[in-house]
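Take a look at the structure below.
Each ligand, and each atom within it, is numbered from 1 in the order the structure gives. The figures here come from the full heavy-atom set of this structure, side chains too, leaving out hydrogens, waters and symmetry mates.
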Amino acid sequence: ATGTHVPAIVVGSGYGAAVSALRLGQAGVGTLVLEMGRAWTTPGPDGKVFCDMLNPDHRSMWFRDRTEAPVDGVLFLDLANRPIRRWAGVLDRVQFPGMGVYVGRGVGGGSLVNGGMAVVPDRACFEQVFPTVDADEMYSTWFPLANRALRVNSIPEPWFEGTDHYRYARLSRTLAGRAGYGTRLLPNVYSFEHMMREERGEAPKSALGTEVLYGNNHGKFSLDKGYLAQAVGTGNVTIAPLHRVTRVTRTATGYAITARQITEDGALVAEKRLTCDHLFLGAGSLGSTELLLRARETGDLPDLPDEVGEGWGPNGNVMAARNNNLHEPTGFKQSAIPVLAITDPVRDVIAEVAPVPAGIETYVSLYLAITRNPNRGRFTYDPGADRLDLQWTRAQAAPSVAAAKGLLDEVNAANGTTYRYDVFGGGRAFADDFCYHPLGGAVLDRVTDGHGRVHGYPNLHVTDGALVPGSLGVNPFVTITALAERNIAHVLANDL
Ligand code: FDA
């Protein structure tokens, strides 16, 4: 209720937030988690909590009239996107002039919608991105802890080599090999044991039933099943879904937040003011940065560092589509969970082979390339519109496209194949106008100290992807989790 005081408030419920909530709860600190999305626990009329990619409905997207899937269609047919009812759906695409940013909405944040790829960065790369973080400690303690807590597992190779559902990945490996490129299998939080049972008909289909992006009904160990369930289990943590934090101010002893509670149809239920001693921002790169920028620009927290909003990047994300030869089909059965990446050590690219689970043979190979791009964007706050803006231009993505194209040009040359222009809309083979991996805005050791404590504001913390300076070289959630574990351990030992 409004006016309530709690020892700790956590804003958001993605990776950084979930780690903080669990460790606070275990330490006996009364904690309230405020999440703008819904709790994905109750099934719809079809008996399922989430809808699949081929049959999207109101559950798919956050208050949209039409779905906005990254893949627009195949063969210029509008297969993927369709009209939907406006509702508190699980996937959002936050649109800025030069970039659309996909994020999860709900208790569990990005873990509800993502591909589950759980990748620890190479140590050399980590040291370059986080020069002030003790890498020995990260690689001996925090990465292993994150992998255990997230229940990361690897696909059994004999099954990978034999199953129809990864023919598309093995084909991409063969084609890359002809061009001289190696590949690697990537770990995941989706249970491969479950996936194998799906294939045998012993478990309900999720990855093998075109589910990802709008949620997985089975198989995936998302945060709501792990960290957040454990946090609630401590008896000290409460999660309030459908509560969006809009404002942060200071009180004599801590912080006050304003939260707007809505229904799943978007109607306002209440506006609440709550106070706390310790405030943890885990609303993601966009959400946490927005709260800080607004607080600085409106004078609520006027002394926040100048660097708030700086250092943003899409982790060099570029998607690309190739066309395969007729005698080398990808297979119409495709697991929705990606497991293989082509590695290009010279251009510093990993091109993850993404599924096209259309249920028909499309001859398309789809890639999510993660590239190292030195360009950074910055967030600004528009007071008139009370809106976060992102200063990022398409031209800034050029090094990423060049790197991905360099690799895939060679794959095409070695195989006598071409690109596909019917997948992303606009007749393009490379999509550089959206990303899955927004990073930065409240960078570690710039906006915060070395453990996520915001400079100038005691007991105000950033816990999430906003801490990562724009580019990591691999999928980010294991790093966000490990860093959050490290930071909260330090804070609990020293500040609480
Ligand atoms: P995260 O974004 O997870 O959570 C933030 C939460 O805060 C959200 O639930 C949001 O609703 C909430 N929130 C925001 N503002 C708020 C406010 N004002 N008040 C209350 N709540 C608020 N990564 C990876 O490592 N492997 C992968 O395979 C993939 N695949 C992938 C696919 C897709 C489709 C997407 C969109 C993303 C991925 N990712 C990924 C990226 C990964 O999911 C992402 O990096 C993390 O979820 C980021 O974790 P954070 O803790 O930063 O926030």
What atoms of ligand 1 come closer than 4.0 angstrom to any heavy atom of Gly16?
51 (O)
Answer yes or no for Glu290: is there a heavy-atom contact with ligand 1 below 4.0 Å?
no
What part of Val107, side chain, backbone, both or neither, has a heavy atom within less than 4.0 angstrom of ligand 1?
neither
Nearest non-hydrogen protein atom, atom 41 (C) of ligand 1:
Tyr436 O, 3.4 Å
Check: Phe50 ring centre within less than 6.0 Å of Tyr214 ring centre:
no
Protein residue, atom and distance nearest to atom 24 (C) of ligand 1, heavy-atom basis:
Phe477 CD2, 3.1 Å
Where is the tightest heavy-atom contact between Glu271 and Thr2, given as atom of each residue plus distance?
O-OG1, 4.3 Å
Please check if the distance between the ring centroids of Phe96 and Trp392 is under 6.0 Å.
no
In plain terms, say whether Asp57 and Arg82 are close enough for a salt bridge, that is, a side-chain N and a carboxylate O under 4.0 Å apart.
no
Taking atom 44 (C) of ligand 1 as the reference point, report whether a protein heavy atom occurs under 4.0 Å from it.
no
Ignoring angles and geometry beyond distance, decide whether Val11 reaches within less than 3.5 Å of ligand 1 through its nitrogen or oxygen atoms.
no
How far is atom 3 (O) of ligand 1 from its nearest protein heavy atom, and which residue and atom is that?
Gly110 N, 2.9 Å
Quick one: which of Leu213, Val103, Thr67 gives a side-chain contact (heavy atoms from CB on, under 4.5 Å) with Leu91?
Leu213
Output yes when a side-chain donor or acceptor of Asn153 lies under 3.5 Å from a complementary backbone atom of Tyr190, and no otherwise.
yes
I want to know if ligand 1 touches Ile480 in the polar sense, i.e. an N/O pair below 3.5 angstrom.
no
Got Asp122 and Val474 here, is their nearest side-chain heavy-atom distance under 4.5 Å?
no
Around atom CZ of Arg376, are there more than 12 heavy atoms from other residues, nucleotides or ligands closer than 6.0 Å?
yes
May I ask you to list the atoms of ligand 1 that are less than 4.0 angstrom from any heavy atom of Gly282?
5 (C), 6 (C), 7 (O)
Taking every non-hydrogen atom, the tightest pair across Val454 and Pro305:
CG1-CD, 4.4 Å
Pairing of Glu310 and Arg378 as salt bridge, 4.0 angstrom limit
yes
Atoms of ligand 1 less than 4.0 Å from Leu34 heavy atoms?
20 (C), 21 (N)
Would Phe126 and Tyr139 count as a ring-ring contact (aromatic ring centres under 6.0 Å, His included) here? Give the steps.
CA-CA 10 Å; Phe126 179 86; Tyr139 283 79; 5.8 Å; yes
Would Arg294 and Asp386 pass as an ion pair if we require N to O under 4.0 Å?
yes
Number the atoms of ligand 1 from 1 as they appear, then name those within less than 4.0 Å of a heavy atom of Asn475, with their elements.
24 (C), 25 (O), 26 (N), 27 (C), 28 (O)
Only one of Leu281, Val491, Ile488 passes side-chain contact (heavy atoms from CB on, under 4.5 Å) with His461; say which it is.
Val491
Considering the heavy atoms of Gly12, write down every atom of ligand 1 situated less than 4.0 Å from one of them.
7 (O), 12 (C), 21 (N)
Measure from the side-chain N and O atoms of Glu485 to the backbone N and O of Val19, and report whether any donor-acceptor pair falls under 3.5 Å.
no
Nitrogen or oxygen of Arg105 less than 3.5 angstrom from that of ligand 1
yes
Contact atoms of ligand 1, heavy-atom distance to Asp464 under 4.0 Å
50 (P), 51 (O), 52 (O)
Considering only non-hydrogen protein atoms, determine which one is nearest to atom 29 (C) of ligand 1 and report residue, atom name and distance to 0.1 Å.
Asn114 CB, 3.4 Å
Protein heavy-atom partner closest to atom 26 (N) of ligand 1 - residue, atom, separation in Å
Met117 O, 2.7 Å
My understanding is that we take every heavy atom of each candidate and find the minimum distance to atom 30 (N) of ligand 1. Doing that for Ser13, Gly284, Gly115, which one comes out nearest?
Gly115
Quick one: look at Leu286 and ligand 1, take heavy-atom pairs under 4.0 Å, and tell me if it's side chain, backbone, both or neither.
neither
Can you check whether Gly465 has an N/O within less than 3.5 Å of an N/O in ligand 1?
yes
Which residue and heavy atom of the protein sit nearest atom 18 (N) of ligand 1, plus the separation
Val245 O, 2.9 Å
Could you tell me whether Glu264 and Arg85 have a side-chain N and a carboxylate O separated by less than 4.0 Å?
no
Heavy atom of Gly104, distance to ligand 1 below 4.0 Å
yes
Can you name the atoms of ligand 1, numbered from 1 with element, that are less than 4.0 Å from a heavy atom of Gly106?
9 (O)
Which residue holds the protein heavy atom closest to atom 11 (O) of ligand 1, what is that atom called, and what is the gap in Å?
Glu35 OE2, 2.7 Å
Suppose we measure from atom 36 (C) of ligand 1 to each protein heavy atom; which comes out shortest, and what is that distance?
Tyr102 O, 3.4 Å
Please lay out, stage by stage, how Leu279 and Ile257 fare under the test side-chain contact (heavy atoms from CB on, under 4.5 Å).
CA-CA 9 Å; Leu279 181 58; Ile257 61 93; 4.0 Å; yes
Is there at least one pair of N or O atoms, one from Gly116 and one from ligand 1, spaced under 3.5 Å apart?
yes
Pull out every atom of ligand 1 sitting under 4.0 Å from any heavy atom of Gly109, numbered as shown with elements.
3 (O), 4 (O), 8 (C), 9 (O)
Are any of the N/O atoms on Leu91, whether in the backbone or the side chain, positioned under 3.5 angstrom from an N/O atom of ligand 1?
no
